[in-house]
Protein chains: 2
Amino acid sequence: MTELAGQARNPARVRAFEGVLARIEERIAADGLTVGDRLPGERQLAEQLQVSRSSVREALRVLESLGVVSSQVGRGPDAGAVLTSRPGSALTGLLRLHLGLATLSLREVVDTRLMIEQWSAGHAARSRAGLETMERAIAAMDAARGPEEFVEHDIAFHAAIAEASGNRLTSAIMQALRGAVQRFAIDAVVRLGDTGGLQADHRRIRDAIRDGDAATAVEAIAVHLERAYPSTAGPAS
Amino acid sequence: MTELAGQARNPARVRAFEGVLARIEERIAADGLTVGDRLPGERQLAEQLQVSRSSVREALRVLESLGVVSSQVGRGPDAGAVLTSRPGSALTGLLRLHLGLATLSLREVVDTRLMIEQWSAGHAARSRAGLETMERAIAAMDAARGPEEFVEHDIAFHAAIAEASGNRLTSAIMQALRGAVQRFAIDAVVRLGDTGGLQADHRRIRDAIRDGDAATAVEAIAVHLERAYPSTAGPAS
DNA sequence: GACCAAATATGGTCAGACCATACATCCATC
DNA sequence: GATGGATGTATGGTCTGACCATATTTGGTC
């Protein structure tokens, strides 16, 4: 034994790092590892799984890109690969790349956003949640100087709607969508010139959620996104 | 010169592979690279970006996990890192891991699926698309032997609905969701024992889409998912 | 022209080394 | 005994160079 597990002898089909990935995934499921728990060090993991440290590292890079672990250098309780929970940030990178690759069009992303926001707003109207955050965001937008700052708080406003749905997955997708199209959002604000209409929309959405009026909230979302990204006009420019 | 670009001298904040990632992303956007185009070889990339091949590989692993590239060994036009487009498979891994980490609950995933399927079914009813695929899937489910085979074609049926919406992003998310909960879907079929009710739902959904009856389609989706994944109470979550 | 062998380019993997970082430990000093 | 700096050490980050497996390309042979 210790026959090198046949790495070079039998590359089979699974690359080494994929095996590592599977083993780590197994361990997460079996040992009931959860957010905050630490994985063994790279060197230790390499020895346990009988692969090189390079392969372990490639697996860790994948897990990191998926928002599952976060690596910290140094020593101590916080060092090493720690299980985290950031499906959102992982999605952002994924979407941004696929937007660049023209795998996805801006219109598809905006339409998806419309779907999620309407759904979330409907739920939010029923639970009347997240109103404080929305309020703060609206005030911040009033005080914003420049499109970038406006969009920054605009994102917070819409994120609050998504969070109010109570569904972490839709919320994560929502955040990812906003992050991926942030640049386009700034362009949209610049193009409009005036943020008055957008702010009026925001207040209308907030009022509808506060009053528990789901139908109005859903419709207000549609109006708002249509104002920012007119569907008749071509996407982008 | 060739002062190693200060790698070890100045690790700064960005790890080397992150720099590679950024450069590749840049190149995709700037050069207008698209699906099917090839990236330079690992060794060549390493030299161009003045980093080691290990760093290049870690970056490629990330891109691969994001469904942006696909690596083929050997030689020839198809070898090397080729730009691909698989946001769906990337999302699947992401969701499966976050389900395992208990970052997400099954309820949240199913609710998200409900949102997307209703939205897609509404669009499909308006475009009357994807009917042939749905038909084939229904027939295949009739002929299925065992829950696993049934679920396999069930996935094809629901994927057809998502595709019919014409939105590649929602379709990709949908596929990812189905893949992530496939095991639970099989459990659900086993638990139900009889697939007659599910098939009746499928036919009702298909009929509604064929007849352009969006409201009925949306409602049929809700009934269907409630049958497969009974929510102990209300919208839950 | 067809077929087989060698050359070659590509990703996959490994081993070992060194650096930077950040905590842990120890010891001298007060 | 408490404090504070020097030293130790574990961890991730990176590099180098080597070798293997695979698949195409090339070229020679029949």
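Keep in mind that what you see is a predicted model, and the values were worked out from it rather than measured. Residue numbers start from 1 in every chain, and the chains themselves are labelled A, B, ... in the order their sequence lines are given, proteins ahead of strands. What's counted below: heavy atoms across the whole structure, side chains too, no hydrogens, waters or symmetry copies.
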Visitor: Is the backbone N or O of B/T103 less than 3.5 Å from a side-chain atom of A/R168, with the two atoms forming a donor-acceptor pair by type?
Guide: yes
Visitor: With sequence neighbours left out, what residues match B/R27 under salt bridge (Lys or Arg N to Asp or Glu O under 4.0 Å)?
Guide: none
Visitor: Are A/H202 and A/D154 close enough that a side-chain donor and a side-chain acceptor fall under 3.5 Å?
Guide: yes
Visitor: Taking for each residue the nucleotide of DNA chain C with the nearest heavy atom, is it A/G74 or B/Q44 whose nucleotide lies nearer the 5' end?
Guide: B/Q44
Visitor: For the side chain of A/E42, starting at C-beta, report the closest nucleotide among C/dG12, C/dC14, D/dG12.
Guide: D/dG12
Visitor: Return the value, rounded to whole Å, for the distance between atom CD of A/Q72 and atom P of C/dT21.
Guide: 14 Å
Visitor: In this structure, how many angstroms lie between the P atom of D/dT14 and the CZ atom of A/R43, rounded?
Guide: 13 Å
Visitor: Closest approach of A/V62 and B/S65, non-hydrogen atoms and distance?
Guide: CG1-CB, 3.6 Å
Visitor: Who are the side-chain hydrogen bond (donor to acceptor under 3.5 Å, both in side chains) partners of B/S171, not counting sequence neighbours?
Guide: none
Visitor: Any residue in residues 60-69 of chain A with a heavy atom nearer than 4.0 angstrom to DNA chain C? Just list them by number, or reply none.
Guide: none
Visitor: Just jot down the side-chain hydrogen bond (donor to acceptor under 3.5 Å, both in side chains) partners of A/E148, sequence neighbours excluded, or say none.
Guide: none
Visitor: Does D/dC15 have its OP1 or OP2 closer than 4.0 Å to a side-chain nitrogen or oxygen of B/S55?
Guide: yes
Visitor: Considering only C/dC14, D/dC15, D/dT22, which nucleotide approaches the side chain of B/V73 most closely?
Guide: D/dT22
Visitor: Calculate the interatomic distance between B/E58 atom CD and C/dG12 atom P; express it in whole Å.
Guide: 14 Å
Visitor: So, under a plain 3.5 Å distance rule, would you say the side chain of A/R57 forms a donor-acceptor pair with the base of D/dG12?
Guide: no
Visitor: Side chain of A/P77 only, heavy atoms from C-beta on: which candidate in C/dC14, C/dG11, C/dA24 is closest?
Guide: C/dA24
Visitor: Tell me which residues in residues 78-88 of chain A put a heavy atom below 4.0 Å from DNA chain D, sorted by number, or none.
Guide: A/G80, A/A81
Visitor: Just by modelled atom types, is the A/R86 backbone N or O under 3.5 Å from a matching donor or acceptor in the A/T84 side chain?
Guide: no
Visitor: Send over the distance from B/L45 CG to C/dT10 C1', rounded to a whole Å.
Guide: 13 Å
Visitor: Rounding to a whole Å, what distance do you find between B/R15:CZ and D/dT11:P?
Guide: 17 Å
Visitor: If you check every side-chain atom of B/R75, which of C/dG12, D/dT24, D/dT14 has the closest atom?
Guide: D/dT24
Visitor: Roughly how many Å is it from CD in A/E47 to P in C/dG16, rounded to a whole number?
Guide: 12 Å
Visitor: Using a 4.5 Å cut-off on heavy atoms from C-beta on, say whether the side chain of A/L45 contacts that of A/I24.
Guide: yes
Visitor: D/dT14 C1' sits how many Å from B/F17 CZ, rounded?
Guide: 12 Å
Visitor: Sort and list the pairs that fulfil ring pair (Phe, Tyr, Trp, His ring centres under 6.0 Å) and have at least one residue in residues 130-154 of chain A, not counting sequence neighbours.
Guide: none
Visitor: At less than 3.5 Å, do the side-chain atoms of A/R53 and the base atoms of D/dG13 form a donor-acceptor pair?
Guide: yes
Visitor: Is there a donor-acceptor contact under 3.5 Å from the side chain of A/D31 to the main chain of A/L33?
Guide: no
